[in-house]
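Throughout, numbering of the chain's residues begins at 1 and tracks the sequence.
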Amino acid sequence: MLLSAAPKIRTFWSWTESSGQFYVNDFPLLIYLVAQLRHLAFPEQLTNILMACADISCSYPAAYETTLFPIIYSLVFIVGLIGNLTAVGVIVQQIKRKNVVSVYLANLCASDLMYIFTLPTWIAYTAIEDWKFGNLLCKIVGFFFNANLYTTITFLSCIAMDRFLATVFPFQSRVVRSMKAATLVCIIVWLVILGTHAVFLGREELFNSSQNVKLCYEKYPMERWVAHVNYFRIFVVFLIPFVLLVFSYCSIIRVIHYSPSQKPEQKRKLTGLLLTMTIIFVISYLPYHVVLFIRSYVSDKDMCTCHIERSIRPSYRICFALTSLSSALDPFINIFVSESIKQDIMKEIRAIWHWCRTFGGRTRWKRQDHRTIGGDTSTKLLDKDISQQAEGKKDETVL
């Protein structure tokens, strides 16, 4: 087929002696020739341009990544583990009080913890940029690492919607805001997201790069079927919860602004809290999904080259690391901000402190009997006071 164009080759270009340059006379012929040349053996640069994305393997020298990402994931692991484990006891107390939003908070905490427990292997992986844990662990860790990203996003949206209904429609929403309904919603979320990500468990996700290292769940450029899964992730599992969350918190802020019963100081506090939740969500997830869409579109249309991937990859990996910040901050901006929950935390801290004092001072009881009795009595009275205040509080924690 290429030889059929030979008679036209002599008119394909012209030579200008004054400038010493070639000029293309027939641009359509140029396109035709390039289309035929992809079937021949050519140097790597031209091959990368013409081959399908699935056949390209790009290398990326990036020394800073082996330092930056382990530090980010280590900080997220420490802060997130402490925060979410602390939140478990508090959420259990809220569930006992039939607090509807606590169902979503419990599932958010479970999702964050599952994500956080995968971080040690991811820290080791990013530190050496080589997967050393085998194919099976790559599938399991990568599956939960990616799936729990979207369960977290969805549960954050559910919490925002629940707060919206409780604030904007406090009486009408009593029918739909129940423990059973919240539990059913959470079950559906887990089934949909884990089910759609189960496709990765049946695929080979451990790749050998051109630098002779193993990459887990990272292929540059990505395969076309992964791009199609990413479209679902971006437009369904991210964009819909994102719109619902922003709409919910903006509506709540509007209600707070026009509420005559709220003092100006309370309005500023609640508005700042809701804006903080929204901003952290946007910073954590929006940049990543914008870059993910660009990568997916380029791979889906077979437009990928190593040059394009090298340009996108730094921002992609940094944005991907930012998504982990939400798992570390969720307990502090969604759970610990409630006044009744703060009282529960203080009650637990005082109980632990009282136990430590009792255990540590056991050998000194005989010498300090009167002081110990006085200290125990005051501690019990204070715990009782906190308990009574907590029980007197409104059961439904909205913010």
Side-chain angles (χ1 to χ4, degrees), residues 76 79-80 83-84 86-87 90-91 94 97 99-109 111-112 149-174 176-177 182 185-186 189 237-289 322-345 393-399:
V76 170
V79 176
N84 283 281
T86 304
V90 174
I91 292 172
Q94 293 296 315
R97 296 172 186 170
N99 189 342
V100 176
V101 76
S102 64
V103 176
Y104 299 115
L105 291 174
N107 283 270
L108 174 66
C109 186
S111 177
D112 286 338
L149 171 68
Y150 292 97
T151 53
T152 296
I153 289 174
T154 308
F155 288 132
L156 286 173
S157 177
C158 291
I159 292 169
M161 285 296 296
D162 184 80
R163 287 168 172 163
F164 164 76
L165 293 173
T167 305
V168 182
F169 304 103
F171 300 106
Q172 301 91 325
S173 63
R174 289 180 178 179
V176 294
R177 292 186 68 246
V185 170
C186 292
V189 169
V237 192
F238 166 71
L239 192 58
I240 293 177
F242 171 70
V243 172
L244 292 176
L245 182 140
V246 173
F247 170 78
S248 298
Y249 284 153
C250 289
S251 300
I252 295 173
I253 291 173
R254 184 175 179 275
V255 171
I256 292 172
H257 180 72
Y258 290 104
S259 175
S261 62
Q262 295 285 344
K263 296 180 180 180
E265 183 179 352
Q266 291 177 322
K267 290 182 180 181
R268 287 193 297 268
K269 181 180 178 180
L270 292 174
T271 301
L273 176 62
L274 293 171
L275 287 176
T276 301
M277 293 177 181
T278 306
I279 291 171
I280 290 177
F281 186 92
V282 171
I283 293 175
S284 297
Y285 299 115
L286 184 59
Y288 167 70
H289 285 91
L322 287 177
T323 61
S324 64
L325 296 179
S326 177
S327 296
L329 299 177
D330 282 342
F332 301 96
I333 63 175
N334 286 285
I335 300 175
F336 300 151
V337 294
S338 170
E339 291 300 326
S340 61
I341 287 179
K342 287 180 181 178
Q343 291 180 356
D344 288 340
I345 294 175
K393 277 285 184 181
K394 185 179 179 182
D395 284 344
E396 286 293 330
T397 303
V398 177
L399 293 175

field: Heavy atoms from other residues, nucleotides or ligands near CD of Gln172 exceed 12 (cutoff 6.0 Å)
entry: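 More than 12 within 6.0 Å, yes.
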message: Ring-plane angle category for Phe281 and Phe242, please: parallel below 30°, perpendicular beyond 60°, tilted otherwise.
response: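 If you compare the ring of Phe281 with that of Phe242, the planes turn out parallel.
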- request: Any chance you could measure Ile283, atom CD1, to Leu325, atom CG, to the nearest 0.5 Å?
  value: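 The CG atom of Leu325 is 9.0 Å from CD1 of Ile283, to the nearest 0.5 Å.
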Heavy-atom side-chain contact between Phe155 and Cys186 under 4.5 Å: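 Touching, per the 4.5 Å side-chain cut-off.
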message: Test your reading of the model: is there a side-chain donor-acceptor pair from Ser259 to the backbone of Val255, 3.5 Å cut-off?
response: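 Side chain of Ser259 to backbone of Val255, a donor-acceptor pair under 3.5 Å: no, none is there.
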field: Test item: Asn107 and Val189 side chains (from C-beta on) under 4.5 Å apart, heavy atoms
entry: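 Result no, sub-4.5 Å side-chain heavy-atom pair not found.
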message: Tell me the closest heavy-atom pair linking Phe169 and Ser173, and the distance in Å.
response: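 Of all heavy-atom pairs spanning Phe169 and Ser173, the closest is O-OG, 2.5 Å.
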- request: Examine distances only and state if a side-chain atom of Asn84 and a backbone atom of Ser327 form a donor-acceptor pair shorter than 3.5 Å.
  value: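 Indeed, once roles are kept as given, a pair shorter than 3.5 Å links the two residues.
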- prompt: Is the closest side-chain heavy-atom distance between Tyr104 and Val185 below 4.5 Å?
  reply: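 In contact.
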Any side-chain heavy-atom pair of Met277 and Ile159 under 4.5 Å: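 Not in contact.
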task: Hey, could you give me the CZ/CD distance between Arg97 and Gln94, rounded to the nearest 0.5 Å?
output: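 The CZ atom of Arg97 sits 5.0 Å away from the CD atom of Gln94.
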- request: Check Ala87 against Pro331 and note the closest heavy-atom contact, atom names and distance.
  value: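 That would be CB-CB, 4.4 Å.
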- prompt: Checking side chain to side chain contact (heavy atoms under 4.5 Å, CB included) against Asp330, which of Asp112, Ile280, Leu105 comes through?
  reply: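 Looking at Asp112, Ile280, Leu105, the match for Asp330 under the side chain to side chain contact (heavy atoms under 4.5 Å, CB included) is Asp112.
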Thr278 OG1 to Leu245 CG distance, which is reported to the nearest 0.5 Å: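 That separation rounds to 5.5 Å.
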field: 4.5 Å side-chain heavy-atom contact, Tyr249 and Leu275
entry: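 The answer is no, as the side chains (C-beta and beyond) never meet within the 4.5 Å cut-off.
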CG-CD1 distance between Leu239 and Ile153, expressed to the nearest 0.5 angstrom: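 Answer for the CG-CD1 pair, Leu239 versus Ile153, is 11.0 Å.
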Note, Val237 side chain near His289 side chain (heavy atom, < 4.5 Å):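 No, side chains not in contact.
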message: With heavy-atom distances below 4.5 Å as the criterion, would you say the side chains of Ile252 and Arg163 are in contact?
response: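 When only atoms from C-beta onward are counted, Arg163 and Ile252 do touch, with a gap below 4.5 Å.
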message: For Ser324 versus Val76, what's the shortest heavy-atom pair and its separation?
response: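 In this case the closest contact between Ser324 and Val76 is O-CG1, 3.3 Å.
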field: Rounded distance (nearest 0.5 Å) linking atom CD of Gln266 with atom OG1 of Thr271
entry: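 Rounded to the nearest 0.5 Å, the CD-OG1 separation comes to 11.0 Å.
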- prompt: Going through the distances and angles, do Arg254 and His257 end up as a side-chain contact (heavy atoms from CB on, under 4.5 Å)?
  reply: CA-CA 5 Å; Arg254 184 175 179 275; His257 180 72; 5.6 Å; no
message: Pair Ile256, Leu274 - check side-chain contact (heavy atoms from CB on, under 4.5 Å), show working.
response: CA-CA 11 Å; Ile256 292 172; Leu274 293 171; 3.9 Å; yes
Shortest non-hydrogen contact between Ile91 and Ala106, atoms and distance: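 So the minimum-distance heavy-atom pair works out to CG2-CB, 3.6 Å.
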- prompt: Are Thr151 and Ser111 linked by a side-chain donor-acceptor pair shorter than 3.5 Å?
  reply: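 Yes, because at least one side-chain N or O of Thr151 sits under 3.5 Å from a partner of the opposite role on Ser111.
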- prompt: Considering only heavy atoms from C-beta outward, does the side chain of Val246 approach that of Cys250 to under 4.5 Å?
  reply: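 Yes, close enough: below the 4.5 Å cut-off.
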